[in-house]
Peer 1: 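Right, I'll just put the structure down here and ask away after.
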Amino acid sequence: MRRLSPGSWEIPVTADRRMKVPARVYADEILAAPMAGDRSLEQLMNVAMLPGIVDAALGMPDIHQGYGFPIGGVAAFSLEDGGLVSPGGVGYDINCGVRLLAGSSAADLPQDIIRRVTARLAARCPRGGGKGAIKIFKEKSFRRLMSRGAETAVEEGFGTRADLDYCEDHGRLPADEDVVSPRAMERGISETGSLGGGNHFLEIGKVSALYDEKTARRWGLFQGQLTLMVHCGSRGLGHQVCSDYVRLFQQEKGPFPDRELAWAPADSSRGRSYIAAMNAAANFAYANRQILGASLSEALSQAIWEEARLHCDFRLLYDITHNMARREVHMVSGKELPCIVHRKGATRAFPASHMKGTAFAETGHPVFVPGSMGSSSYILRGTEKGLAETFGSCCHGAGRLLSRREALRRVDPGQLVKTLEREGIVVMGSAPRGLAEEAPQAYKDVSRVVSVLEGEGLAVIVARLEPLAVVKG
DNA sequence: ATGTAC
């Protein structure tokens with residue numbers, strides 16, 4: 001890798017010319033070090049070999065290896081040269097994302113109150129592997145949900161129409177539920193309004209620092225404010241859609257730089273079907289977060305009132321995805337170019353100029369960067385430089401440092417819960433093993449991750465959140 | 001990430 005600036009590196013096009021464009025990674029020395037120990041850079045070079053790729057294959061500071069395409073990876077493919085779509089470039093959890101609800105009150109609640117409030121919240125949230133749903137839809141309304149996303153959740157009584165203005169894509173992408181397999185649908189129908197497992201969580205937090213005060217004020221953020229964060233995705237439905245289409249695309253001869261990077265032209269019948277099915281899974285995920293956000297924030301308000309006699313209502317600040325491929329227009333070599341931008345473990349970070357006609361026309365939209373369990377989270381906004389340099393993209397979290405297996409080997413879950421409680425953080429897990437896999441030691445330092453992007457002028461840090469309680473899937 | 005495999 002060649003260093004371009006204090007926070008960026010380039011892997012130039014290789015002599016064999018298999019890479020069509022360079023790969024570019026955002027990191028300082030400390031975040032760059034673990035990249036030598038996994039396949040993330042090799043995977044990024046494979047992405048750079050895909051036909052129609054524009055400018056560079058990009059790696060965010062939280063990059064680590066994934067299925068075919070690294071998590072923390074961004075790649076845009078020109079629709080003028082055909083353009084391709086790859087399920088591996090989106091990931092198995094289609095439209096995994098984060099929703100943040102901001103409370104109307106600041107509060108300094110004692111830990112025993114937080115514990116009781118959290119227990120009430122946890123009791124209302126289906127989580128962990130397998131079935132469990134806040135609402136089981138009938139087939140007809142479930143189909144409607146797959147084509148209309150968060151709007152259907154609102155019509156079913158979860159939240160308000162105004163919430164849709166605070167969801168990316170207004171909580172809905174153009175989908176066709178007829179290209180979703182019956183098996184995928186079955187899996188989704190029994191999991192509508194559920195958190196899932198792995199790194200998915202609910203977090204009660206509070207605003208602990210304001211950096212860009214003007215923007216924070218515009219977004220209604222204030223010091224000490226209670227928050228509720230929801231991190232989850234499309235559950236078994238998205239997983240099944242991804243498996244179905246990876247298998248279908250792998251039937252073609254390629255050539256693929258890696259079988260896990262199987263792709264299809266976006267305008268082919270297979271490509272169009274995948275996009276329509278991916279969007280149906282994305283709509284399910286938007287609805288899933290709408291249902292969880294609306295019902296759990298209501299439960300949280302009620303619990304805070306009953307346990308602490310404090311009025312605290314929650315309103316949606318934003319809902320942002322970090323696993324999607326979408327059609328977007330970007331300026332490339334002074335020309336507007338329609339592309340399909342894949343972001344896997346990476347978010348959009350559109351500044352004001354790209355948010356005209358929305359609630360964030362003056363500021364750009366918020367980007368949520370949750371840290372690992374027990375560490376701070378950040379709220380960022382994108383910049384014009386980021387729009388030009390990364391297709392308006394940003395990191396999505398701390399980034400895994402240890403494999404799940406290695407984390408399990410090193411971490412004692414009981415000890416972990418005790419340590420976090422001593423730090424003043426209540427933890428409720430569904431499985432001890434899941435907790436160990438998500439231990440803070442298994443992740444990079446989220447503050448360093450966001451600092452790199454700010455240092456490169458790709459994002460502005462607006463606020464920091466401290467965790468009070470975590471409910472793990 | 002995931003009813004943790006074809």
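To find a chain, count down the sequence lines: A is the first, B the second, and so on, and within it residues start at 1.
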Peer 1: Would you say the ring centroid of A:His231 lies under 6.0 angstrom from that of A:Phe368?
Peer 2: no
Peer 1: Rounded to the nearest angstrom, tell me the gap between atom NE2 in A:His64 and atom P in B:dA1.
Peer 2: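 My rounded result for the distance is 8 Å.
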Peer 1: Measure the distance from CD on A:Glu437 to P on B:dT4 and round it to the nearest whole Å.
Peer 2: 14 Å
Peer 1: I need the CG-P distance between A:Asp244 and B:dA5, as an integer number of Å.
Peer 2: 17 Å
Peer 1: Between A:Gln65 (CD) and B:dA1 (C1'), how many Å, whole number?
Peer 2: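 The answer, rounded to whole Å, is 15 Å.
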Peer 1: Let me know the distance between CZ of A:Arg404 and P of B:dA1, rounded to the nearest Å.
Peer 2: 5 Å
Peer 1: Checking A:Ser372 now: which residues fulfil side-chain contact (heavy atoms from CB on, under 4.5 Å) with it, not counting sequence neighbours?
Peer 2: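 Result, side-chain contact (heavy atoms from CB on, under 4.5 Å) vs A:Ser372: A:Ser375, A:Pro440, A:Tyr443.
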Peer 1: With the threshold set at 4.0 Å, does a side-chain nitrogen-carboxylate oxygen contact exist between A:Asp176 and A:Arg272?
Peer 2: no
Peer 1: In residues 190-201 of chain A, which residues come under 4.0 Å of DNA chain B by heavy atom?
Peer 2: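 Heavy-atom contacts with DNA chain B come from A:Glu191, A:Gly196, A:Gly197, A:Gly198, A:Asn199, A:His200.
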Peer 1: Can you list every ring pair (Phe, Tyr, Trp, His ring centres under 6.0 Å) pair that touches residues 24-62 of chain A, not counting sequence neighbours?
Peer 2: none
Peer 1: Return the value, rounded to whole Å, for the distance between atom CD of A:Gln250 and atom C1' of B:dA5.
Peer 2: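 Whole-Å distance recorded here is 14 Å.
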Peer 1: Indicate whether any N or O donor in one side chain lies under 3.5 Å from an N or O acceptor in the other, for A:Asp165 and A:His170.
Peer 2: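 Side chains of A:Asp165 and A:His170: pair found under 3.5 Å.
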Peer 1: Does A:Arg235 put a side-chain nitrogen or oxygen below 4.0 Å from OP1 or OP2 of B:dA1?
Peer 2: no
Peer 1: Are A:Phe256 and A:Phe249 an aromatic pair, judged by ring center distance below 6.0 Å?
Peer 2: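 Between A:Phe256 and A:Phe249, which both carry aromatic rings, the centre distance is not below 6.0 Å.
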Peer 1: Would you mind reading off the distance between A:Tyr92 atom OH and B:dA5 atom P, rounded to a whole angstrom?
Peer 2: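 Between P of B:dA5 and OH of A:Tyr92: 12 Å.
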